[in-house]
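Residue numbers count from 1 along this sequence. All values reported here derive from a predicted model rather than from experimental measurement.
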Amino acid sequence: MRTDSLAAISHDGLPLWAGLTLAGVAVVGWGYAALAFRRRTIPEPVVPEFPTMGLSLPLPDAPLPIELFPGSVLLLDRLGAVLQANEEALTQFGDSVGAILRHPAARSALSAALRAEPEGADDLPPVCSTTFTLDVPVPRTLHLSLRGLPGPQDRHKRVLVVMSDRSEAQVLDRMRLDFVAHASHELRTPLASLSGFIDALRAGGSTMDEGTRQQFLDIMGQQSARLKRLIDRLLYLSRVQAHEHQRPRDVVEVADLMAIVLGEVAPRFDEDGCTLNLAIEDELIIKADEDEMVQVLLNLIENALKYGRERERPFSVTLFARRAPERDDRWPEDGGVLLGVEDNGRGMEAHHLPRLTERFYRVVDKVEPAQQGTGLGLSIVRHILDRHGGRLRVASAPGRGTTCLVWLPPVSVVQSETV
């Protein structure tokens with residue numbers, strides 16, 4: 001009987017089958033140990049979290065680098081919840097994001113973006129856009145562009161939203177339309193008057209008496225002068241706006257500037273009961289376009305004569321120039337120069353003051369229609385001062401006169417801004 005093969009002894013004195021069994025147990029043990037070590041040393045994948053709108057929402061995929069976009073960008077899930085919002089979106093829209101996304105137009109655009117499919121395999125889904133006005137907390141016109149981003153499953157589909165505020169552009173468009181409408185109206189009025197009197201002169205012919213003819217001609221001359229003033233003002237305003245972004249570089253002595261203004265307006269104060277006073281400090285300099293600053297002061301003096309003067313009592317205008325206080329919260333910089341025109345005339349109600357620099361705005365209850373100006377004088381003043389980095393403040397009250405105060409920045413500040 002051959003039992004030596006079953007009872008074979010290994011070199012260390014153990015049976016062969018026992019050695020094989022021990023080796024198998026060792027291999028299995030080492031396998032479990034390696035698996036346990038792997039589980040201890042290699043952490044589970046962590047789903048990235050990121051702060052958005054005060055929330056921390058996990059995404060099935062990695063977050064998009066929307067901070068790189070130069071605009072207000074959101075990332076939404078298919079239900080419209082915010083997954084990511086870049087800093088620009090939070091800064092520009094803040095707590096209004098929720099109200100924006102709840103607007104019916106935004107919800108419709110979101111649904112359209114989710115349904116949109118690319119035309120080809122390598123194409124992106126089309127962009128869906130919408131524009132609407134949000135009335136709260138303040139009226140804003142918003143434009144949203146949305147594009148769906150495919151996910152591993154349909155329920156993981158996301159939408160990228162780019163938001164822009166078009167309120168300012170809409171206001172500018174409305175102002176442009178209003179300007180065209182006002183300008184056409186202002187031009188049409190004197191033209192209609194001229195046309196009517198020309199027809200009357202033609203129809204009257206030789207039968208019209210000389211007094212009536214002269215009256216018609218006088219009115220036509222007034223309307224022609226009004227039309228010329230209006231066209232000149234419109235052209236001047238256009239020229240000012242064309243280089244409004246360019247700061248002036250010339251250094252102007254305020255005393256020389258006032259001398260030019262005085263030579264222009266002195267004949268207007270030759271009448272009895274109308275005086276012009278000067279109060280000008282020495283050694284004042286400004287960085288300015290001399291012709292434009294002369295126009296500013298002439299417009300202010302003209303307004304004082306036209307809207308402030310009352311025939312039944314003495315009228316005086318004071319033209320002054322002085323250094324601005326070093327500390328004055330009314331102006332954007334410390335120091336500078338103040339130029340002003342002050343009168344003791346009839347003044348005006350407070351509700352007129354915020355609108356004085358609007359184009360074609362006139363205080364119609366203070367002057368007869370035939371003597372009214374173009375309504376562009378203070379608008380020109382505002383644009384000139386915007387170019388110079390200056391400011392205009394008007395103070396007035398009925399029966400207490402009007403003060404127009406022009407602030408111009410110190411020369412050093414203007415120089416640093418134009419370098």
Does the distance from a Lys or Arg side-chain N to an Asp or Glu carboxylate O, for [X] and [Y], drop under 4.0 Å?
X    : Y    : result
R213 : D209 : no
K157 : D77  : no
R233 : E302 : yes

Donor-acceptor check, side chain of [X] to backbone of [Y], threshold 3.5 angstrom: yes or no?
X    : Y    : value
R313 : G345 : yes
S396 : G401 : yes
S195 : L191 : no
N299 : G377 : yes
H388 : D289 : yes
H103 : A105 : yes

Under the salt bridge (Lys or Arg N to Asp or Glu O under 4.0 Å) definition, can you give me all pairs with a residue in residues 277-286, not counting sequence neighbours?
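Those involving residues 277-286 are E281-R323.
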Pair D250, K287 - check salt bridge (charged side-chain N to carboxylate O under 4.0 Å, His left out), show working.
CA-CA 6 Å; D250 297 334; K287 201 86 167 180; over 6 Å; no
Specify whether W331 and W407 have parallel, tilted or perpendicular ring planes, treating 30° as the upper limit for parallel and 60° as the lower limit for perpendicular.
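Rings of W331 and W407: parallel, as their planes differ by under 30°.
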What's the verdict on side-chain hydrogen bond (donor to acceptor under 3.5 Å, both in side chains) for T131 and H143, showing C-alpha distance, side-chain angles and the deciding distance?
CA-CA 4 Å; T131 302; H143 180 79; 2.7 Å; yes
Can you confirm whether more than 12 heavy atoms, excluding those of R330, are under 6.0 Å from its CZ atom?
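Yes, because the 6.0 Å sphere around CZ of R330 holds more than 12 heavy atoms from other groups.
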When you compare the side chains of S72 and Q92, does any donor N or O come within less than 3.5 Å of an acceptor on the partner?
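A pair is found: one side chain offers a donor N or O, the other an acceptor, under 3.5 Å apart.
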Under 3.5 Å, is there a donor on one side chain and an acceptor on the other for H383 and E292?
no
Give the C-alpha distance, both sets of side-chain angles, the deciding distance and a yes or no for side-chain hydrogen bond (donor to acceptor under 3.5 Å, both in side chains) between D218 and Q214.
CA-CA 6 Å; D218 290 342; Q214 190 60 45; 3.1 Å; yes
